[in-house]
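Note that ligands are numbered from 1 as they come in the structure, with each ligand's atoms numbered from 1 the same way. In what follows, residues are counted from 1 in the order of the sequence shown.
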Amino acid sequence: MRTQRQVVDYSLQRRALLRDVYAARVGTYEVCDASPYLRTAARFHGEQTEVLCPVCRREHLTNVHYIYGDELKQSAGQARRLKELDMLATMYKEFTVYVVEVCQSCGWNHLVEQYLLGRSELETELVPNV
Ligand SMILES: [Zn+2]
């Protein structure tokens, strides 16, 4: 089971940025700049969403989950599927997940949210007053 904690939601920043894009205060070339790495991660490790791209509206957005944390060693910074996150959450005490949405058509990309996963919460519940 995935128990997300310390969730940081970036939807306000996303909305503000899109408002600037729609008002032509920010160019689409500035926000549709997904790197080749991000596009590849989206293709091979991404989770397709029901959300249409807010910029080109041609394609559904893909969410890519990046993991970071000292415990992960060489796996840190890698993109993982949701299924794998479930498994990793039982193996490690704590790691951070960054969710990035990507449009594989125009290259729009934005941080959606970040949160912590891992066993540490379960352990502190078992050992109160630490
Ligand atoms: Zn797009």
Side-chain angles (χ1 to χ4, degrees):
M1 250 322 271
R2 241 171 302 139
T3 48
Q4 303 176 359
R5 47 190 194 273
Q6 295 184 35
V7 180
V8 183
D9 178 28
Y10 291 94
S11 56
L12 280 178
Q13 289 90 329
R14 179 186 189 270
R15 215 173 301 149
L17 177 60
L18 284 169
R19 208 179 300 132
D20 283 346
V21 172
Y22 298 149
R25 285 190 293 268
V26 172
T28 51
Y29 62 91
E30 287 177 71
V31 294
C32 298
D33 60 350
S35 70
Y37 299 106
L38 182 54
R39 285 171 189 261
T40 304
R43 200 172 318 131
F44 294 105
H45 308 284
E47 310 283 341
Q48 173 110 60
T49 72
E50 295 299 308
V51 183
L52 263 188
C53 173
V55 178
C56 71
R57 299 182 196 282
R58 280 195 302 258
E59 187 115 9
H60 288 263
L61 295 172
T62 304
N63 282 351
V64 183
H65 299 76
Y66 285 104
I67 52 169
Y68 286 91
D70 294 338
E71 275 181 282
L72 300 172
K73 307 255 173 359
Q74 72 273 12
S75 301
Q78 291 182 354
R80 290 302 173 100
R81 288 193 164 274
L82 284 176
K83 264 183 287 178
E84 296 175 287
L85 293 183
D86 284 340
M87 191 189 65
L88 292 169
T90 65
M91 291 167 55
Y92 296 105
K93 271 195 185 141
E94 189 168 279
F95 58 95
T96 306
V97 180
Y98 292 91
V99 186
V100 180
E101 64 178 23
V102 193
C103 171
Q104 297 191 61
S105 177
C106 73
W108 156 261
N109 60 105
H110 199 272
L111 189 57
V112 176
E113 60 177 357
Q114 74 180 64
Y115 51 81
L116 289 179
L117 281 183
R119 301 185 320 239
S120 65
E121 188 183 47
L122 304 169
E123 284 170 6
T124 50
E125 276 171 13
L126 296 171
V127 187
N129 308 321
V130 268

Hey, which protein N/O/S atoms does the Zn ion (ligand 1) have under 2.8 Å?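 Checking every protein N, O and S atom gives Cys53 SG, Cys56 SG, Cys103 SG, Cys106 SG.
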My understanding is that only one of Tyr66, Tyr68, Tyr10 makes a ring-ring contact (aromatic ring centres under 6.0 Å, His included) with Tyr98; could you say which?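 The passing option is Tyr68.
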Leu85 side chain near Ile67 side chain, heavy-atom distance below 4.5 Å: yes
Does atom CD of Gln6 have more than 12 heavy-atom neighbours, drawn from other residues, nucleotides or ligands, at distances under 6.0 Å?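 For Gln6, atom CD is not crowded (no more than 12 foreign heavy atoms under 6.0 Å).
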Distance (rounded to the nearest 0.5 Å) between Glu84 CD and Ser75 OG: 9.5 Å
Measure the spacing between OH of Tyr92 and CE of Met87 and express it to the nearest 0.5 Å. 8.0 Å
Whether the Gln114 and Thr96 side chains hold a donor-acceptor pair (N or O, under 3.5 Å, no angle test) is what I'd like checked. no
